[in-house]
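By convention in this document, chain letters (A, B, ...) are assigned in the order of the sequence lines, proteins followed by strands, and residues within each chain are numbered from 1.
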Protein chains: 2
Amino acid sequence: MTAAAPIRLLLADDHPVVRAGLRAVLETEPGFEVVADVPTAEAAVTLAERPGIDVVLMDLRFGGEMRGSQATAAITAREGAPRVLVLTTYDSDADILAAIEAGATGYLLKDAPPEELAAAVRTAAAGKSALAPTIALRLMDRMRAPATALTRRETEVLQLVADGLSNAQISKKLFLSQATVKSHLVHIYAKLGVDSRTSAVAAGTAQGLIRR
Amino acid sequence: MTAAAPIRLLLADDHPVVRAGLRAVLETEPGFEVVADVPTAEAAVTLAERPGIDVVLMDLRFGGEMRGSQATAAITAREGAPRVLVLTTYDSDADILAAIEAGATGYLLKDAPPEELAAAVRTAAAGKSALAPTIALRLMDRMRAPATALTRRETEVLQLVADGLSNAQISKKLFLSQATVKSHLVHIYAKLGVDSRTSAVAAGTAQGLIRR
DNA sequence: CCCGCGCTCCACCTTTCGATTGATGCCGCC
DNA sequence: GGCGGCATCAATCGAAAGGTGGAGCGCGGG
């Protein structure tokens with residue numbers, strides 16, 4: 001095989017400026033070829049089905065319906081799918097975990113310098129996982145302190161609390177009894193070291209456990 | 001005057017990718033000249049002092065200390081200062097108002113299409129105010145519904161609620177009785193159309209009345 | 001196989017919050 | 001000078017939330 005085979009890229013971001021920036025940054029680097037760029041998650045899923053794409057650079061938040069993590073899951077579900085490298089502004093735990101669970105090969109922040117970006121794309125193309133230092137650190141923290149790790153259900157409840165719902169509303173929405181909601185909340189308070197729903201929301205957003 | 005005099009630009013954004021994108025987008029348009037791009041608000045203030053800059057494209061949030069609104073205020077405070085066009089991802093009321101009060105000539109969202117961006121820069125260079133349609137709409141809303149405008153004290157209380165404090169803690173912190181805190185909260189709920197502290201926080205953050 | 005953990009639920013009690021009503025002093029504006 | 005908005009405080013009452021101490025079930029790992 002020739003060493004000169006370029007890595008073929010698909011860019012998915014709803015900001016035209018960011019797409020242009022990625023193009024500019026990556027096309028000046030040797031060994032990259034931007035095949036297409038799209039402004040929606042849906043378009044990314046469609047285009048990623050076509051052969052000839054090695055790596056998809058995927059934003060997490062789009063203006064439209066589908067979230068980047070869903071698109072990532074849809075893409076990586078298929079056989080011989082391209083690698084997906086998540087590239088976003090946010091470094092919240094919830095987003096990171098959602099992306100990794102969805103099958104993302106890597107997770108980068110948009111404030112990454114161009115060299116780091118290029119290196120991560122090469123790493124991803126080779127099938128190896130690429131995490132931004134900040135992200136890696138955050139994951140290490142999470143491993144070390146399992147206290148701050150909420151369960152799936154607890155996170156769900158906390159998110160609804162953050163949305164302003166009462167225990168009664170949450171219980172209806174999740175088909176639970178209020179007792180169960182309270183029980184989850186007690187555990188959440190213990191894990192976050194707080195004693196009220198509002199401070200739990202504050203702690204949760206501060207630690208990026210829930211999206212704002 | 002010659003029609004060919006280019007508009008000289010300074011780009012301030014902490015994301016290398018975004019800076020590259022803005023360069024790419026604006027340099028393909030005729031009549032623009034990107035003089036420099038900087039990754040910090042401090043550098044933007046310094047460079048904006050030099051003559052030969054017509055418009056500063058300013059992000060609101062930087063990784064470092066200084067916020068974009070502060071930098072905007074510092075730049076526009078001087079005589080013969082360049083116009084500042086705020087270009088950010090966020091459309092929260094608090095950010096918008098801070099930027100406008102700081103003397104920004106315009107406010108754009110990063111998901112704006114290139115043509116809109118170019119048009120806004122030309123508008124700003126001519127000294128006229130340039131607002132993204134979304135932003136203009138939001139400001140109209142605010143004008144129409146003065147109910148969403150919290151008083152200084154109410155905002156202060158709501159911020160503390162968002163930080164997770166109880167009524168008792170807030171009353172101590174602000175040297176008030178709990179009755180007063182409750183009174184403020186009642187007014188806040190009425191203005192935001194909610195009926196609990198958590199939903200008030202949700203509504204407040206959604207409308208950008210308080211910082212997260 | 002049993003233990004731990006996550007998820008579900010119950011009962012009882014205390015504290016906090018929210019709703020209502022009403023009042024006072026201050027300040028700016030017409 | 002009166003009127004309205006803002007900030008301050010009081011009292012009361014019912015509803016919601018939090019604290020405590022349980023308990024059963026399913027599932028995966030040691």
Minimum-distance nucleotide to A:His184 side chain [options: C:dT8, C:dG18, D:dG19]: C:dT8

Out of D:dG19, C:dG18, D:dA7, whichever nucleotide has its closest atom nearest the side chain of B:Leu185: C:dG18

Per A:Leu176 side chain, nearest of listed nucleotides D:dG18, C:dT8, D:dA10: C:dT8

First of A:Ser183 and B:Gln178 reached from the 5' end of DNA chain D, by closest nucleotide: B:Gln178

B:Lys173/B:Asp163 ion pair, N-O < 4.0 Å: no

Flag if over 12 foreign heavy atoms under 6.0 Å of CZ, B:Arg78: yes

Nearest to side-chain heavy atoms of A:Ser177, which nucleotide of D:dA10, D:dA17, C:dC9: C:dC9

A:Arg83 side chain to A:Ala125 backbone, donor-acceptor under 3.5 Å: no

Sugar-phosphate, base or nothing in reach of B:His187, heavy atoms under 4.0 Å: nothing

Residue A:Asn167, side-chain atoms from C-beta onward, closest of C:dC7, D:dG18, D:dC9: D:dG18

For atom CG of B:Leu150 and atom C1' of D:dG5, their distance in whole Å: 14 Å

Sugar-phosphate, base or nothing in reach of A:Thr151, heavy atoms under 4.0 Å: sugar-phosphate

Backbone of A:Ala12 reached by a side-chain donor or acceptor of A:Asp59 within 3.5 Å: no

Matching residue for A:Pro82 among A:Ile53, A:Thr105, A:Leu9, A:Val55 - test: side chain to side chain contact (heavy atoms under 4.5 Å, CB included): A:Ile53

Atom of A:Ile75, atom of A:Ala81 and distance for their closest heavy-atom approach: O-CB, 3.1 Å

Heavy-atom pair with the smallest gap, counting every atom of A:Phe32 and A:Ala118: CZ-O, 3.6 Å

Selection from D:dA7, C:dG18, C:dT8 that lies nearest to any side-chain heavy atom of B:Arg152: D:dA7

Residue B:Ala179, side-chain atoms from C-beta onward, closest of D:dC9, D:dG18, D:dA7: D:dC9

Runs of at least three consecutive pairs that involve DNA chain C, where pairs are Watson-Crick or G-U with distances under 3.5 Å: C:1-30 with D:1-30

Residue A:Ser166, side-chain heavy atoms: nucleotide from C:dT8, D:dA16, D:dA10 that is nearest: D:dA16

